[in-house]
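In what follows, chains are A, B, ... by sequence order, proteins preceding strands, each numbered from 1. Hydrogens, waters and symmetry mates are skipped; everything else that's a heavy atom, side chains included, is used.
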Amino acid sequence: MEYNFGEIEQKWQGKWNESKAYEVSNTSDKPKYYVLDMFPYPSGAGLHVGHPLGYIASDIFSRYKRLKGFNVLHPMGYDAFGLPAEQYAIEHGVHPAVSTEQNIANFRKQLDKIGFCYDWDREVLTCDAKYYKWTQWIFLQLFNSFFNPVTQKATPITELVKAFEAEGSTQIDGLRSAVKSFSAEEWKALTEKEQQDILMEFRLAFCGYGEVNWCEALGTVLANDEVVNGVSERGGHPVEKKRLRQWYLRITDYADRLLNDLQKLEWSDAMKEMQTNWIGKSTGAEIDFVVSIGNRESIIASPELATPDSRLPILKVYTTRPDTIFGVDFMVVSPEHELVAGITSAAQQKEVEDYITYVKSRSERERQAEKKITGAFTGAYAINPFDGREIPIWISEYVLAGYGTGAIMAVPCGDERDFKFANHFNIPITNIIGDAFNGTEPNATKDAKLTNSGFLNGVVLRDAIQIVVDKLEEMGIGKRKINYRMRDAAFSRQRYWGEPFPIVWKNGIAYPLSESELPLELPKVESYSPGPDGQGPLANIDTWVEKDLETNTMPGYAGSSWYFLRYMDNNNDTEFASRQATDYWNQVDLYIGGTEHAVGHLLYSRLWTKVLYDLGYLGFDEPFKKLLNQGMITGSSRFVYRFIGASSKKQISTLNESTSLDKPATIFVSVNIVESIENKKFSLEDIENLKLEIKDKINSQDNYFQTSEIRSLEFVKSHVDVNIVDGVELDKEQFKNSKAEYANALFITEEDGKYICGVETEKMSKSKFNTVNPDDLVQKFGADTFRMYEMFLGPIEQSKPWDTKGIEGVHRFLKKLWRLFYDEQKGKVWNEAEPTADELKILHRTIKKIEDDTERFSFNTAVSAFMVCVNELADIKCHKRAILEPILILLTPYAPHIAEELWHSLGNETYIIDAAFPTFEAKYVVESSKEYPVSINGKVRTNLNLPLDMGQAEVEVAVTANEIVQKWLEGKAPKKIIFVKGRMINIVI
RNA sequence: GCCCAGAUGGCGGAAUUGGUAGACGCAGCAGACUCAAAAUCUGCCGUUCGCAAGGAUGUGCAGGUUCGAUUCCUGUUCUGGGCACCA
């Protein structure tokens, strides 16, 4: 009887499914455990081998916890709203709901083959109206709440209205620059629109204006991903910034809680650090500088820019280093800053305008990543309030409008970027830190003593911070300020395939729908194209617009911000989930997913959970207790290099012009040759020979064109399907058959005639032709082999390139395990004999190792421990049930099908998943002696077997008596003998 | 540019707390079984010097701490992920 994995896996998957072996109840005597995967976006490309990595890990842990006696919730669903489905709809006219459904069916088929223990009755689908009814409901909670500055909690906005009616604005004075103080009477006298505008400043979901990537030619807003070098990825049309009405979530109000509560979480330090940096809390000061000159006419023309007394504009900067105020040599203002037009002098007008035009075409990312120093002088000066010095005001792309006040004071002697800027534009540098600044590189120290700093001379920088801020506050031109790098989260998209907002607009006021009107269903549309003026496709629907409904839809992360709650009670029609269910399951105990969600999804989910907690709908305020980040399985891409350097071409006269004109030569050059040219390793002669070779090849391609001259050796690199490359060697025949345009390809190969491809490690993606489909592997080796191999690849948290080659080894292991139970000739070989001490030692060592490794998510070493165990049992020909049966239970999380099959072969009637995890007993593995490594000066020279209970004195005697040690000692006495019990011995000579 | 992570044989990786570097697997080499193949089994397998015994060297690179460093510290290079409308 041989290991027929195909039959076994199909049989048990069927039985588990029929008998609902993985159904989970919301009531149980057992302790609960919630294991969650980051649910997938069901893309049209299907599952690739990267997806299951985390799912297998979570499946192993779920099964392990169940064997350990827990009631385990392990659900799965789909993040089904998103841009790709909409894009597909625009291109192919297929409704996103249809393509999404097909993709989900495909995903499910693929997932099922791997044998996961999901409770599919709890499946959630974010694009299902039954689900997004509650997404809309939560949005209404956000809309109808504000962050109470006293309690630091989300509170119904009606409370704020009551406060305004009773005492005016006292509770919120100073919180929003757009809201001036008012009394209760003044509040009551305001129109409804004026009142609602004020309330909008406090709602947790609010409407405002923001800049987007606007592509006029496509008539749509583009994601940063879709913009490449300032033009649209599709079509290469110009993209510029456009101001649009947008919904936002007021996540900045929660910044402190999101930051502080990180310490409650069992997340990696790296992950916490990324969130901390994203929130970017800094303490510093806002300082007002008077602007002295510039375009005076324009200042007079816009008097609101000027302070009443000076009639001059004020430049407000944010700095974390007010102590360096005497070292300010210039100001940098973001090019879109409101002051720029007003302060620019006539002489600088053109330069500034040109610079702003340049910046408009640049993405935020490009602006920050730019190495080249760019900027323009406005012609205006700010006045240093302490010494009256005139400070030139510049604009530069690296200062972003959205952070701080959009203006910084630059101190070149203490800041790298300021220093480079000053050098580039020849701005004189003031040294305020004495010897700590050597003139060639800036020094950001806080420990030096100030010089050239007026009343601060001799004060240590660190101490000067308080002094300066106190003084600024006293003078009324500055104040302490806590700043966050994080901005409020943009929460609307001008798209079709997302949740509609339950909002009606009347006279410029947003009115929420009532709960009874939910779900507000996404209407059918004729076309998925954008609406007029940058509005979404919903603006094209007359019936929608007539009702004054909001035409934006929610972003992808709306549905994914709370899905983990819905799994707990997914069929509830009256609540998003009952309090009884959320109280029982509580936090997700283990959340497994990629680091790519470090700041987006994980931060939004934390926010939503906190708001629901504040409003009393949940009993916990952090969603994910423990987070495990699986590394990305990267694809190993292969490249071919096509020659494009033939500049002069001569048509073969017999060919029809129109067919031959644009057809380039299809000559591919092997990577080593391309690299030799690029690294200038080729001699002139080599290059001439290569040119001749290429010319000959081109002229031999009789269907194309001939050339008389090769001017330059240039190549275009393109992806080639990894499946037609053996290692790095291209299968030339398969390559020619892969695309019509390659049919006549010719190759410049290495000396041995092989065409070698370039190799790069990248994210796995269909467009890079580097995906590997799990179905083929499951078909060929079985789900158990596939599961164990994915785990065996390396540490779960590490990203690693996929390579199918090693899968045979894991498959051999399972076959070897099988042979402990069944022999091909003899059939059943397992027996009921009593185990020996050696056999028990192997068993209990394995129990300990598997338990420890599983607990610390070291699945790769667990797999190798199974291999070691089976190798040892095979070596001593152990076929005893007493040893093998517990090993099957250990193996269940990793290879559930083969474990179940053999478990039943041994005569068991129940599922193995309902067995109890074996208990480790230390008495079987105790050792009495140890083979100590003996080092001389840190280098191991010999081994010495000594009893484990031997102490330092006895060990020293034993060691110095050793022949090899004596040889190395050369008669000298050791200076010192270091003995670590149970570890090693080191002799220092 | 900024934030985070990683780097160990031909390859994936192991070394859990500073204590024998290379477990386990792949590939390769040699052999057994077989008419043959598959499957299976046995042995070898970092580099280098040496017939061998044995020695030297070796965890991206350069330093440092230590009796002892893949592990800790400083600097540096390269690779991967993220950077706010992909999910």
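- Of the possible donor and acceptor atoms, none in the side chain of A/H597 sits under 3.5 Å from a partner among the backbone N and O of A/G594.
- Here B/G9 is in the syn range [glycosidic angle within 90° of 0].
- B/G12 atom P lies 21 Å from atom CE of A/M788, rounded to whole Å.
- Rounded to whole Å, the distance from CE on A/M984 to P on B/A69 is 11 Å.
- For the side chain to side chain donor-acceptor pair (under 3.5 Å) condition, the pairs that include at least one residue of residues 784-793 of chain A, sequence neighbours left out, are A/D59-A/R787, A/D784-A/H897, A/T785-A/H811.
- Taking atom C1' on both B/U66 and B/U77, the two are 27 Å apart, rounded to the nearest angstrom.
- Rounded to whole Å, the C1' atom of B/C45 lies 32 Å from the corresponding atom of B/C35.
- If you check distances only, the side chain of A/K849 does reach the base of B/U16 with a donor-acceptor pair under 3.5 Å.
- By the ring pair (Phe, Tyr, Trp, His ring centres under 6.0 Å) test, A/F857 is found to be paired with A/F61, residues two or more places apart in sequence or in another chain being considered.
- Sequence order on RNA chain B of the closest nucleotides to A/W968 and A/D875 puts A/D875 first from the 5' end.
- Remark: the separation of the P atoms in B/C73 and B/G19 is 15 Å, to the nearest Å.
- The C1' atoms of B/C11 and B/U17 are separated by 31 Å, rounded to the nearest whole Å.
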Taking only distance into account, with no hydrogens and no angle test, what donor-acceptor pairs under 3.5 Å do side-chain atoms of residues 931-943 of chain A form with protein atoms, sequence neighbours excluded?
unit_1, atom_1, unit_2, atom_2, d
A/E931, OE1, A/N945, ND2, 3.0
A/Y932, OH, A/G982, N, 2.9
A/N937, OD1, A/I989, N, 3.0

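- Scanning for side chain to side chain contact (heavy atoms under 4.5 Å, CB included) contacts around A/Q246 gives A/V212, A/L244, A/Y248, A/S492, A/Q494, with sequence neighbours left out.
- Under 3.5 Å, the side chain of A/N986 and the base of B/C67 form at least one donor-acceptor pair of N or O atoms.
- Residue pairs meeting the side chain to side chain donor-acceptor pair (under 3.5 Å) criterion with at least one member in residues 978-989 of chain A: none, sequence neighbours excluded.
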Let me have a per-nucleotide readout for nucleotides 81-87 of chain B, 5' to 3', with B, S or -, counting only protein heavy atoms under 4.0 Å.
SSBBBBB
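- OP1 or OP2 of B/G55 has at least one side-chain nitrogen or oxygen of A/R941 nearer than 4.0 Å.
- Between B/A23 and B/U8, the two P atoms lie 16 Å apart (nearest whole Å).
- Taking atom P on both B/C61 and B/U71, the two are 11 Å apart, rounded to the nearest angstrom.
- Checking A/T634, A/L53, A/V772 one by one against A/W802, the side chain to side chain contact (heavy atoms under 4.5 Å, CB included) holds for a single residue, A/V772.
- Where A/P795 and A/K815 each meet RNA chain B at their nearest nucleotide, the meeting point lying more 5' is that of A/P795.
- Applying the side chain to side chain contact (heavy atoms under 4.5 Å, CB included) test to A/N423 and every residue at least two apart in sequence or in another chain returns A/F419, A/I429.
- The NZ-P distance, from A/K939 to B/G55, rounds to 11 Å in whole Å.
- Distances shown here put every side-chain N or O of A/K967 at or beyond 4.0 Å from the OP1 or OP2 atom of B/G54.
- Residue pairs meeting the side chain to side chain donor-acceptor pair (under 3.5 Å) criterion with at least one partner in residues 270-279 of chain A, sequence neighbours excluded, are A/Q275-A/R606.
- One atom, CG of A/N945, and another, P of B/U20, lie 17 Å apart when rounded to the nearest Å.
- Here, B/U47 and B/U79 have their C1' atoms 25 Å apart, quoted to the whole Å.
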Do any N or O atoms of the protein come closer than 3.5 Å to N or O atoms of nucleotides 21-28 of chain B, and which pairs are they?
unit_1, atom_1, unit_2, atom_2, d
B/G25, OP1, A/N871, ND2, 3.1
B/C26, OP1, A/R812, NH1, 2.3

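- Nucleotides B/C67 and B/A62 have their P atoms positioned 23 Å apart, rounded to a whole Å.
- Tested against A/F39 for a ring pair (Phe, Tyr, Trp, His ring centres under 6.0 Å), the candidates A/Y563, A/Y591, A/Y78 yield a single pass: A/Y563.
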